[in-house]
Undergrad: 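One structure follows; several queries about it will come next.
Along the sequence shown, residues carry numbers from 1. Predicted model only: the values in this text are computed from it and were never measured.
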Amino acid sequence: MFFLKTGNDTTFERMKFIKESQPFINKPYRMIFTVGFFSSIVKIVLVRETIAVFSGNEIVLSIALAFWLLSSGIGSRISKKMSSSGTLLVLFFNMFLSLLVITGIRYIPRTALPGEVFSLLFILFVLIIVISPCSFLSGALFSILSCSANGPKLYRSENAGNIAGTMLSALLIAFQIPHSFIVLIGITALITNLFQRKILVLSIVVTCFVFTIFESATIRWKYPAAVATVCYGKSGELAFDTIHKITYLNRRFYSSEDNGPVIEQAVHVPLSIRDGKTVLLIQNRGHVKEINRYNDKDIVCIEDEPLLSDSVCKCKFFERLPSNNKFDFVILGYGLPDNISSNRYFTDAFFRKVHSMVQDSGLFSFTFELNNEYPDNTERKIINSIISTLHSNFKFVKIFQSIGMTFVASDCEFSLPGKSIVHDRYFTNSILPVARVGEFTVPDKQNSIFVNSIYRPILMQLSLKRYMNEFGVNGNLCIIIAAICIIGLSPVFI
């Protein structure tokens, strides 16, 4: 706990002077509770907006949280000798800047070409601008209020506010409440401390009103003009282009009514190998339309995002499906994982669950958009990890290489297809002519090294390394720089 001292003032006398000169400080615990409540809400919304804008992965999330903690600590340290007379102004600017940076980050995609991927250095620069101001002011408020209150109790009050804000945010996000409404709830709590300054209250109310009016327009800044609806789901931000029938998830192309060659390959490779009737599809990215070309197939489709469920695909968790359900084909629609949530679909435990749900001659397959002709060292390790994890549960694993790589696994010997048994647009004329087949046997020693698991997410790590390699960023160098920064900034917090 930090206290301001002038001359021979005792701590008690100093606290008494501050309370008498600044009447709003008489309730510091209520104020710090609302600060914690507001800060946790803004942090969650900013991180979700950042992930949506940059199609975020674990690296973006980690950087955002790191900057929040670092800026908050710096703000708390620097402001420990500030006068408490500016507390209400700090509160005001905290609310004003939160609305400003949310609007600003939504405009960033307008500065890039359609489909352009932002570099890590650019993301780093933007996160410093977006995350630092709000977290700095939140840390500063705690330090200022610590001059007029008991430190441990003040800290408990802030933590209580953080917990309340986090729980409320999670609840509202679960019910697909817009980010703007969530932020306005936080501002409503914080604005109760400004009633003595009517000008500040009026200013922030006007700012909130303008923010709300232009909310629908600022959300669409992130997407093409044809996007009609933007929703907030559990998986992230979903945008629906009703003209071209395209769905975006966190600014990434998710699915389209007009399937491309990758979806055709993902469906027709396993379904052309052998006869079968029942198909379990996990995540529909256009797969259902292709499967329906086979008139004899019964589809069970599941999605883990409620907003993407429909009459065909139900919102369910695969892990909760009964193991006594047996399928001839299990097709996984997820791409290469870049976060913990998607990584669970490629772990040894998940493949074991899949193995228990396929028939004795059943097939399990998924498709990645990897460089199948000239894979670099990281991509070769990704392939080895997938094969090792599949081989730990299935006897036979093969790769169909064409537009991407389709991994197929089974306990019975099989041959990859040489022709399609239904009418298609790309598979017969564009995919099969350039296809290559790979069959792999993984030694036990290699199997134990590369098996992907929940506790050792090798595949996600390699995927993120591949992402960094695209921008020429060396992961080891980043670790060294981060360590130097920690050591260099440590005197600030001592």
Undergrad: Any idea how F366 and F368 line up, ring-wise: parallel (<30°), tilted (30 to 60°), or perpendicular (>60°)?
TA: tilted
Undergrad: Looking at the rings of Y345 and Y334, which for Trp means the six-membered one, are their centres under 6.0 Å apart?
TA: yes
Undergrad: Of all heavy-atom pairs between C231 and F240, which one has the smallest distance, and what is that distance?
TA: SG-CE1, 4.1 Å
Undergrad: Indicate yes or no: at least one non-hydrogen side-chain atom of F329 is less than 4.5 angstrom from one of I291.
TA: no
Undergrad: Please lay out, stage by stage, how S180 and E215 fare under the test side chain to side chain donor-acceptor pair (under 3.5 Å).
TA: CA-CA 7 Å; S180 58; E215 163 75 0; 3.2 Å; yes
Undergrad: List the atom of P306, the atom of K234, and the distance in Å for their closest heavy-atom pair.
TA: CD-CE, 3.6 Å
Undergrad: Quick check: do T406 and I399 have side-chain heavy atoms less than 4.5 Å from each other?
TA: no
Undergrad: Run the side-chain hydrogen bond (donor to acceptor under 3.5 Å, both in side chains) test against T378 and tell me which residues pass, sequence neighbours left out.
TA: N469
Undergrad: Nearest 0.5 Å, what's the CD1-CG distance between I299 and N292?
TA: 4.0 Å
Undergrad: Might you confirm whether atom CD of Q176 has over 12 heavy atoms from other residues, nucleotides or ligands at distances under 6.0 Å?
TA: yes
Undergrad: I'd like a table of donor-acceptor pairs (distance under 3.5 Å, sequence neighbours excluded) in which one partner is a side-chain atom from residues 123-133, with atom names and distances.
TA:
unit_1 : atom_1 : unit_2 : atom_2 : d
S132   : OG     : S71    : OG     : 3.1
S132   : OG     : I128   : O      : 2.8

Undergrad: Does the side chain of L432 reach to within under 4.5 Å of the side chain of S402, using non-hydrogen atoms?
TA: no
Undergrad: Donor-acceptor pair, Q401 side chain versus A435 backbone, under 3.5 Å?
TA: no
Undergrad: Given the side-chain rings of F346 and F407, with only the six-membered ring counted for Trp, is the space between their centroids under 6.0 Å?
TA: no
Undergrad: Any side-chain heavy atom of D241 sitting closer than 4.5 Å to one from Y223?
TA: no
Undergrad: Step by step, would you call H355 with D411 a side chain to side chain donor-acceptor pair (under 3.5 Å)?
TA: CA-CA 9 Å; H355 183 267; D411 277 343; 2.4 Å; yes
Undergrad: Please assess S388 against N384 for the test side chain to side chain donor-acceptor pair (under 3.5 Å), listing each intermediate value before the final yes or no.
TA: CA-CA 6 Å; S388 299; N384 287 337; over 6 Å; no
Undergrad: Let's go through F38 and N94 carefully: what are the C-alpha distance in whole Å and the side-chain angles of both, what is the deciding distance for side chain to side chain contact (heavy atoms under 4.5 Å, CB included) to 0.1 Å, and is it a yes or a no?
TA: CA-CA 9 Å; F38 172 77; N94 200 4; 3.8 Å; yes
Undergrad: What's the separation between atom CZ in R274 and atom SG in C412, rounded to the nearest 0.5 Å?
TA: 6.0 Å
Undergrad: Are the side chain of E290 and the backbone of N259 linked by a donor-acceptor contact shorter than 3.5 Å?
TA: no
Undergrad: Tell me whether the centres of the aromatic rings in F351 and F364 are closer together than 6.0 Å.
TA: yes
Undergrad: Sort and list the pairs that fulfil salt bridge (charged side-chain N to carboxylate O under 4.0 Å, His left out) and have at least one residue in residues 219-230, not counting sequence neighbours.
TA: E49-K222, K222-E237
Undergrad: Decide yes or no for K419 and T428: does some side-chain heavy atom of the first lie under 4.5 Å from some side-chain heavy atom of the second?
TA: no
Undergrad: Keeping the roles fixed (side chain from T347, backbone from N452), state whether a donor-acceptor pair exists under 3.5 Å.
TA: no
Undergrad: Determine whether the aromatic ring centres of residues F350 and F318 are separated by less than 6.0 angstrom.
TA: yes
Undergrad: Establish, yes or no, whether a centroid distance under 6.0 Å links the rings of F396 and F394.
TA: no
Undergrad: Could you pull out all residues at least two apart from F427 that satisfy ring-ring contact (aromatic ring centres under 6.0 Å, His included)?
TA: H268
Undergrad: Could you check whether any side-chain N or O of N250 sits under 3.5 Å from a backbone N or O of I51, counting only pairs where one atom can act as donor and the other as acceptor?
TA: no
Undergrad: Do R251 and F54 form a cation-pi contact, if we require the NZ or CZ to be under 6.0 Å from the six-membered ring centre and within 45 degrees of the ring's axis?
TA: no
Undergrad: Where the side chain of K289 meets the backbone of S256, is there a donor-acceptor pair that is under 3.5 Å apart?
TA: no
Undergrad: Does any non-hydrogen side-chain atom of L462 lie less than 4.5 Å from one of Y467?
TA: no
Undergrad: Quick check: does any side chain N or O of S169 sit under 3.5 Å from a backbone N or O of I41, one acting as donor and the other as acceptor?
TA: no
Undergrad: Could you walk me through whether F136 and S76 pass side chain to side chain contact (heavy atoms under 4.5 Å, CB included), step by step?
TA: CA-CA 7 Å; F136 178 89; S76 178; over 6 Å; no
Undergrad: Taking atom types as modelled and ignoring hydrogens, do the side chains of S72 and S135 form a donor-acceptor contact shorter than 3.5 angstrom?
TA: no
Undergrad: Is a side-chain N or O of S385 found less than 3.5 angstrom from the main chain of K381, in a donor-acceptor match?
TA: no
Undergrad: Nearest 0.5 angstrom please: Q265 CD to S272 OG, how far?
TA: 11.0 Å
Undergrad: Whether the side chain of E303 engages the backbone of C315 through a donor-acceptor N/O pair (distance < 3.5 Å, no angle test) should be reported.
TA: no
Undergrad: Heavy atoms only: give me the nearest S410-G362 pair and the separation to one decimal.
TA: OG-O, 2.8 Å
Undergrad: With rounding to the nearest 0.5 Å, note down the distance linking CG in L281 to SG in C313.
TA: 6.0 Å
Undergrad: A quick test of your reading: do over 12 heavy atoms of other residues, nucleotides or ligands sit less than 6.0 Å from CG of N324?
TA: yes
Undergrad: Got a second to check how far I263's CD1 is from R285's CZ, nearest 0.5 Å?
TA: 6.5 Å
Undergrad: Does the salt bridge (charged side-chain N to carboxylate O under 4.0 Å, His left out) test come out yes or no for E379 and K465, once each step is laid out?
TA: CA-CA 10 Å; E379 289 178 329; K465 184 177 180 180; over 6 Å; no
Undergrad: Between A266 and I331, what is the shortest heavy-atom contact and its length?
TA: O-CG2, 4.2 Å
Undergrad: Give me each pair satisfying salt bridge (charged side-chain N to carboxylate O under 4.0 Å, His left out) with a member in residues 349-367, each pair once, sequence neighbours excluded.
TA: D348-R352
Undergrad: Side chains of R106 and H179: does their closest heavy-atom pair fall under 4.5 Å?
TA: yes
Undergrad: Can V47 and L61 be said to form a side chain to side chain contact (heavy atoms under 4.5 Å, CB included), step by step?
TA: CA-CA 7 Å; V47 168; L61 177 61; 3.3 Å; yes
Undergrad: Any pair with a residue in residues 313-339 that passes salt bridge (charged side-chain N to carboxylate O under 4.0 Å, His left out), sequence neighbours left out, goes on the list, sorted by first then second residue, please.
TA: R252-D338, E319-R344
Undergrad: Over all heavy atoms of both residues, which pair between S40 and G165 is shortest? Give the atoms and the distance, please.
TA: OG-CA, 3.2 Å
Undergrad: Show your working on side chain to side chain donor-acceptor pair (under 3.5 Å) between H423 and R293 and close with a plain yes or no.
TA: CA-CA 7 Å; H423 174 73; R293 296 181 187 273; 5.0 Å; no
Undergrad: Kindly indicate, with the supporting measurements, whether the criterion side chain to side chain contact (heavy atoms under 4.5 Å, CB included) is fulfilled by L390 and I387.
TA: CA-CA 5 Å; L390 285 170; I387 295 170; 5.7 Å; no
Undergrad: In Å, rounded to the nearest 0.5 Å, how long is the span from CD of Q359 to OG1 of T278?
TA: 6.0 Å
Undergrad: Answer yes or no: is there a side-chain heavy-atom contact under 4.5 Å between L238 and V230?
TA: no
